[in-house]
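Comments concern the structure below.
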Amino acid sequence: MKPITDLIHHPYQPPGDFASPQVPVHKASSVFFNSVAQMRSRQWLDKSGYTYGLHGTPTTFILEERLCQLEGAKHCLLLPSGLAALAQVNMAFLSSGDEVLLPDNAYGPLKTLAEGELLQWGIRHAYYDPMNPADLAQSITPATKLVWLEVPGSVTLEFPDLIELLQVCNQHQVLTALDNTWGAGLAFQPFDLQAGLGVDISVHALTKYPSGGGDVLMGSVTTCRDDLAHTLKMSHMRLGFGVAGNDVELVLRSLPSMALRYVTQDRTCRAVASWCLNQAAFAQVLHPAVVGSPGHANWRRLCAGDAPSKTAVHEGGAAASLLSLRFQPSIGAAQVDAFCNALKLFKLAYSWAGPISLVVPYDLRGMRQQAPPELLKGGFVRLAMGLEDPQDLIADLTQALDQTLSQG
Ligand SMILES: *Cc1c(COP(=O)(O)O)cnc(C)c1O
């Protein structure tokens, strides 16, 4: 054999028995078979073997199993982003002539997908008011094949009565899919039938808490139902969605610290929310644990065991790291932009649940069809807490607010 061939086919094997805290990173497109017989018989669908990189590696199987554990599911698929995971569910279960229902405050790109490709493929959509289960009931038609749920709503953070919404879907026997990115498997268990939940499918943007670094894009789809898992896997295989081994490694490395990060950012977020409640510049502080924030009672029931709230910011339960602020209508749009520009620790950027606090200004008028009119009055920003010290974040908000108001 020539040296080049020898280099590639060198027989040395390291000893197999190696154990350490982190999972090995297996990367492959090609996977070797020992024989033609094995090539013909090996299965990836039930995870009993490996056939091709797209169909799983030891590293991806391990992450899938851990995510099942996190969310209380039985089956899991990985996708290259949270948005791809949302798209995968739509593509696996909807066909031409079907209708899908989305909450009016759904994650924006999911709406864009419904208004773009889904419509192009003959799949219609309608928006329902997630704060009104009767509106969902009225929106379901014989063509409705899938109902999306989100807890709380994107950007405006209204907390719906998830149990009630699921009851409506069950009565009509419609498939349900929850965007569980906010709860992350830590705030509540989406498949917990005893708690009155039991969604059919959960989608998780692993980009957020499971990664936690602001440096990885990934998504997952989980379910407890074998039939749905099979449909999802076959669609996933046909569409060719894969994830990179090194990215999976990063998520696996971050998972053990996820609950700690969640709790820390949650605590910071409530401290910042408390401070914001005392600032005259803000007409509304939207955060599920803030007494008076839309759906606060629903949040308490689902995430905090319904303990009575006496203080302005309820202390129990889990409430993630997002907080939205509506400015007084007397504060102009240019001043709200100036406030965002003046922030130093809060960076102007999309996404959340990373180490650095983020801010995004939103114009809700183009985003919502059924929002209460007062929500659309005044500038609107969403804050995402990082892992900085809460007092430093409050000092940053204070200086930005002072600058903005002095210029008004
Ligand atoms: C970020 C996010 C997504 C999409 O995740 P990407 O990985 O950024 O595509 C979906 N849903 C919610 C609620 C999100 O916050």
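In each ligand, atom 1 is the first atom listed, and ligand 1 is the first ligand listed.
The protein heavy atom nearest to atom 13 (C) of ligand 1 is D179 OD2, 3.3 Å. The protein heavy atom nearest to atom 3 (C) of ligand 1 is Y107 CZ, 3.4 Å. In terms of protein heavy-atom proximity, atom 6 (P) of ligand 1 is closest to G82 N, 3.3 Å. For atom 1 (C) of ligand 1, the nearest protein heavy atom (residue, atom name, distance) is K208 NZ, 1.4 Å.
P288 is listed as a side-chain neighbour of W182, based on a closest heavy-atom distance under 4.5 Å. At a threshold of 4.5 Å between non-hydrogen side-chain atoms, the residues W352 and V360 do not count as touching.
Between F327 and F282, a ring centre-to-centre spacing shorter than 6.0 Å is recorded.
A salt bridge does not link E164 to R301: none of the charged side-chain nitrogens sits closer than 4.0 Å to a carboxylate oxygen. With respect to the salt-bridge test (charged N to carboxylate O, under 4.0 angstrom), the residues D396 and K344 do not qualify.
Taking a cut-off of under 4.0 Å to the non-hydrogen atoms of A205, the atoms of ligand 1 that pass are 2 (C), 3 (C), 4 (C), 5 (O). Atoms of ligand 1 lying under 4.0 Å from any heavy atom of E150, numbered from 1 in the order shown and given with element: 13 (C). Ligand-side atoms of ligand 1 in range of L83: 4 (C), 5 (O), 6 (P), 9 (O), range being under 4.0 angstrom from any heavy atom. Atom numbering of ligand 1 starts at 1 in the shown order; those under 4.0 Å from a heavy atom of T207 are 6 (P), 7 (O).
Residue W352 touches ligand 1 through its side chain alone, judged by heavy-atom distances below 4.0 Å. Only the side chain of T181 comes within contact range of ligand 1, with a heavy atom under 4.0 Å; no backbone atom does.
Cation-pi geometry between K145 and F93 is not satisfied (NZ or CZ under 6.0 Å from the ring centre, within 45° of the ring normal).
Checked by atom type and distance alone, the side chain of H287 pairs as donor or acceptor with a backbone atom of A289 at under 3.5 Å.
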